[in-house]
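Have a look at the structure below before the remarks.
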Amino acid sequence: FAFLGALYLVSRWFSHRYFAFAAGLIQLGAAVGSIIGGGPLAVLVDHMGWRASWIWIGWATLVLSLLFWLVLRDGDGKVKGSVLTQGPQAKLLDTLKIRQVWWIALVGFCSWVTVTGLGSLWGVPYLMAVYHWNNADIGYLYILFWLGLGLGSPLMGWVSDKMQSRKIPFCVCFGVGFIASIFYIEAP
């Protein structure tokens with residue numbers, strides 16, 4: 001839901017022409033967070049211990065929270081469209097009636113499960129068990145994984161904005177991701 005909150009801010013602060021690119025930049029920030037939460041955090045914990053590491057993370061979080069509080073502001077308060085005057089149940093029901101929402105949710109689920117499954121949860125143990133790689137080598141590989149996702153997201157957002165099409169870049173990326181996942185699982 002942090003991603004949805006960030007997308008809400010993008011929709012309020014930027015023109016719709018730049019929405020996909022801005023969403024890609026948000027994903028880049030998430031990928032950088034995943035990179036930092038991997039190897040660099042492990043080094044920090046090894047060097048300082050887990051308690052001191054969490055204290056530093058807490059301070060960093062406090063600084064970011066203060067920056068958000070100082071920088072982010074609400075919009076002009078004008079309600080755009082009649083949907084915003086409905087109650088939450090009516091908004092949810094109206095949203096669930098849109099066929100495209102179901103397709104986006106299904107494809108988003110299928111594509112993101114691969115990223116979270118391979119990139120965050122099972123990828124490291126899988127590579128250690130199947131290919132007998134050590135943890136450090138896999139750590140470098142996952143930096144490349146998150147860099148590719150992070151740098152590719154704003155790039156594809158920019159392409160999508162320039163083409164004025166979401167479908168073509170999405171289908172290309174989904175297809176490449178599907179094929180890459182098959183190779184990841186089945187390649188010797």
Side-chain angles (χ1 to χ4, degrees), residues 1-7 10 18-61 63-64 67 103-163 165-188:
F1 286 99
F3 186 66
L4 293 177
L7 290 179
V10 165
Y18 305 111
F19 184 81
F21 178 69
L25 289 175
I26 294 165
Q27 185 59 48
L28 172 61
V32 169
S34 295
I35 290 170
I36 292 170
L41 180 60
V43 169
L44 185 67
V45 169
D46 285 346
H47 181 69
M48 298 178 66
W50 70 270
R51 288 183 182 162
S53 298
W54 279 107
I55 289 171
W56 278 103
I57 291 169
W59 282 111
T61 303
V63 168
L64 283 174
L67 282 172
W103 282 110
I104 291 169
L106 176 66
V107 174
F109 171 79
C110 291
S111 60
W112 196 246
V113 162
T114 305
V115 171
T116 57
L118 296 177
S120 301
L121 190 57
W122 300 304
V124 172
Y126 174 81
L127 291 173
M128 290 175 79
V130 173
Y131 297 112
H132 308 292
W133 290 358
N134 66 37
N135 201 18
D137 290 339
I138 297 170
Y140 290 119
L141 179 67
Y142 272 82
I143 287 174
L144 293 175
F145 173 84
W146 287 111
L147 273 177
L149 180 78
L151 296 175
S153 295
L155 174 65
M156 291 312 296
W158 178 79
V159 167
S160 175
D161 287 337
K162 286 294 180 191
M163 293 178 69
S165 169
R166 305 285 185 245
K167 189 174 184 178
I168 295 169
F170 177 79
C171 290
V172 169
C173 290
F174 186 77
V176 169
F178 179 77
I179 292 168
S181 297
I182 298 299
F183 277 110
Y184 180 83
I185 294 168
E186 297 297 331

Considering only residues two or more places apart or on different chains, which pairs with a residue in residues 25-37 satisfy side-chain hydrogen bond (donor to acceptor under 3.5 Å, both in side chains)?
none
Rounded to the nearest 0.5 Å, what separates atom CZ in Phe21 from atom CG in Leu155?
9.0 Å
Atom CG in Leu28, atom CG in Leu147: separation rounded to 0.5 Å?
8.5 Å
How long is the straight-line distance from SG of Cys173 back to CG of Leu149, given to the nearest 0.5 Å?
10.0 Å
Using atom types as modelled, flag every donor-acceptor pair under 3.5 Å from a side chain in residues 46-53 to any protein atom, sequence neighbours excluded.
from: Ser53; atom 1: OG; to: Leu44; atom 2: O; distance (Å): 3.4
from: Ser53; atom 1: OG; to: Gly49; atom 2: O; distance (Å): 2.7

Please round to the nearest 0.5 Å and tell me the distance separating atom CD1 of Ile35 and atom CG of Leu41.
13.5 Å
Is there side-chain contact between Val32 and Trp146, with at least one heavy-atom pair below 4.5 Å?
no
At what distance, to the nearest 0.5 angstrom, does CH2 of Trp59 lie from CD1 of Ile55?
9.5 Å
Looking at Gly150 and Ala31, what are the two nearest heavy atoms and their distance?
CA-CB, 3.6 Å
Which label fits Phe178 and Phe174: parallel for a plane angle under 30°, tilted from 30 to 60°, or perpendicular past 60°?
parallel
Name all pairs fulfilling the side-chain hydrogen bond (donor to acceptor under 3.5 Å, both in side chains) condition that reach into residues 147-161, sequence neighbours left out, sorted by first residue then second.
Ser160-Arg166, Asp161-Arg166
Heavy-atom neighbours of Phe109 CZ exceed 12 at 6.0 Å:
no
Close aromatic pair by centroid cut-off 6.0 Å: Tyr142 and Phe145:
yes
Tell me the closest heavy-atom pair linking Gly24 and Pro154, and the distance in Å.
O-CD, 3.3 Å
Reported CH2-to-OG1 distance for the pair Trp54 and Thr61, which is rounded to 0.5 angstrom:
8.5 Å
